[in-house]
Number of protein chains: 2
Amino acid sequence: MSSYLTDFNKVFESRVRLGMMSLLVVQEQVDFGQIKENLQLSDGNLASHMAALEKMGYVEVRKQFIGKKPNTTYAITALGRQAFVEHLASLEKLIQQIHP
Amino acid sequence: MSSYLTDFNKVFESRVRLGMMSLLVVQEQVDFGQIKENLQLSDGNLASHMAALEKMGYVEVRKQFIGKKPNTTYAITALGRQAFVEHLASLEKLIQQIHP
DNA sequence: CATTTTAACTTTGTATCGCAAAGTACTTTT
DNA sequence: AAAAGTACTTTGCGATACAAAGTTAAAATG
């Protein structure tokens with residue numbers, strides 16, 4: 001397989017996880033509600049896709065209380081940032097190869 | 001969902017189909033063997049992913065004999081080229097938004 | 001002529017995925 | 001006490017991905 005394809009990260013082949021990482025890479029803290037609204041996901045779907053990113057070590061969870069309400073925020077890890085940036089670089093490379 | 005994500009084409013969310021379209025968009029004729037070798041696919045996997053692209057009208061099949069051997073080549077359609085270029089444009093847009 | 005090979009599939013079986021809906025736990029608001 | 005909010009987990013089901021094996025038809029080989 002050509003290198004620019006093997007470089008793609010399997011975990012980012014999902015529209016939902018791509019969207020999550022896109023939010024997390026530009027904003028250091030994103031909470032459950034923001035992600036849910038922005039990506040229009042059900043609670044369960046959000047949780048399971050986010051769990052996949054956590055499992056890879058790409059995302060960290062922070063649980064806190066805001067006032068009296070529980071609040072879950074997510075943050076990208078250094079590893080996650082690196083992996084995502086590399087994935088985007090591979091995409092860019094593919095695009096370059098196709099219409100330089 | 002943010003627009004740059006809804007614009008993604010579901011059929012191109014697969015590494016294999018992305019690879020196929022990448023080959024087809026730069027080379028007008030690509031045959032079964034070339035694709036198989038380039039993407040390292042089993043016959044069956046190749047055929048079924050290609051069938052998905054055909055079903056969308058993105059790819060055309062051309063069967064012929066080269067000498068005495070049967071030969072199947074694939075070619076991108078105008079529709080396929082358009083869809084793929086739009087998909088790449090959405091990816092590019094995402095990348096731009098993330099690190100302009 | 002019979003067997004094997006080649007090309008390109010199709011079928012089958014299995015494992016994984018994606019998603020909605022429902023259920024859970026704990027707390028707060030009413 | 002009951003209802004609602006937050007963040008899940010579980011369940012169930014249809015779709016997907018893949019390898020492996022089976023199929024078809026012609027060609028090459030013995």
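Because the structure is a prediction, the values reported are computed rather than measured. Note on naming: letters A, B, ... go to the chains in the order of the sequence lines (proteins, then strands), and numbering restarts at 1 for each one.
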- Query: Under 4.0 Å between a side-chain N/O of His49(B) and OP1 or OP2 of dC18(D), yes or no?
  - Reply: yes
- Output the single nucleotide from dA7(D), dC9(C), dT6(D) whose closest atom is nearest the side chain of Lys69(A). dT6(D)
- Query: Closer to the 5' end of DNA chain C via nearest nucleotide, is it Lys68(A) or Asn45(B)?
  - Reply: Asn45(B)
- Quickly, which of Gln29(A), Glu54(A), Met20(A), Gln27(A) forms a side-chain contact (heavy atoms from CB on, under 4.5 Å) with Tyr74(A)? Name it, please. Glu54(A)
- Message: Heavy-atom nearest nucleotide on DNA chain C for Pro70(A) versus Glu13(A): which residue maps closer to 5'?
- Response: Glu13(A)
- Ile66(B) CD1 - dA26(D) P separation (whole Å): 18 Å
- Rounded to the nearest Å, what distance is computed from the NZ atom of residue Lys55(A) to the C1' atom of nucleotide dT9(D)? 16 Å
- Indicate whether OP1 or OP2 belonging to dC8(D) is found under 4.0 Å from a side-chain N or O atom of Lys63(A). yes
- Task: For residues Leu18(A) and Phe8(B), determine if any side-chain heavy atom of one lies less than 4.5 Å from a side-chain heavy atom of the other.
- Result: yes
- Walking DNA chain D from its 5' end, the first of Lys10(A) and Ala51(A) to be reached, judged by nearest nucleotide, is Ala51(A)
- Query: Can a side chain N or O of Arg15(A) be found less than 4.0 Å away from OP1 or OP2 on dG18(C)?
  - Reply: no
- Given dA19(D), is OP1 or OP2 found less than 4.0 Å from the side-chain N or O atoms of Ser42(B)? yes
- Query: Can you name the one residue among Gln82(A), Arg17(A), Met21(A), Arg81(A) that meets side-chain contact (heavy atoms from CB on, under 4.5 Å) with Tyr58(A)?
  - Reply: Met21(A)
- Item | Candidates dA7(D), dC19(C), dG18(C) - which lies nearest the side chain of Val16(A) | dC19(C)
- Message: Just N and O in the side chain of Thr72(A): are any of them under 4.0 Å from OP1 or OP2 of dC8(D)?
- Response: yes
- Query: Any side-chain N or O of Tyr74(B) under 4.0 Å from OP1/OP2 of dA8(C)?
  - Reply: no
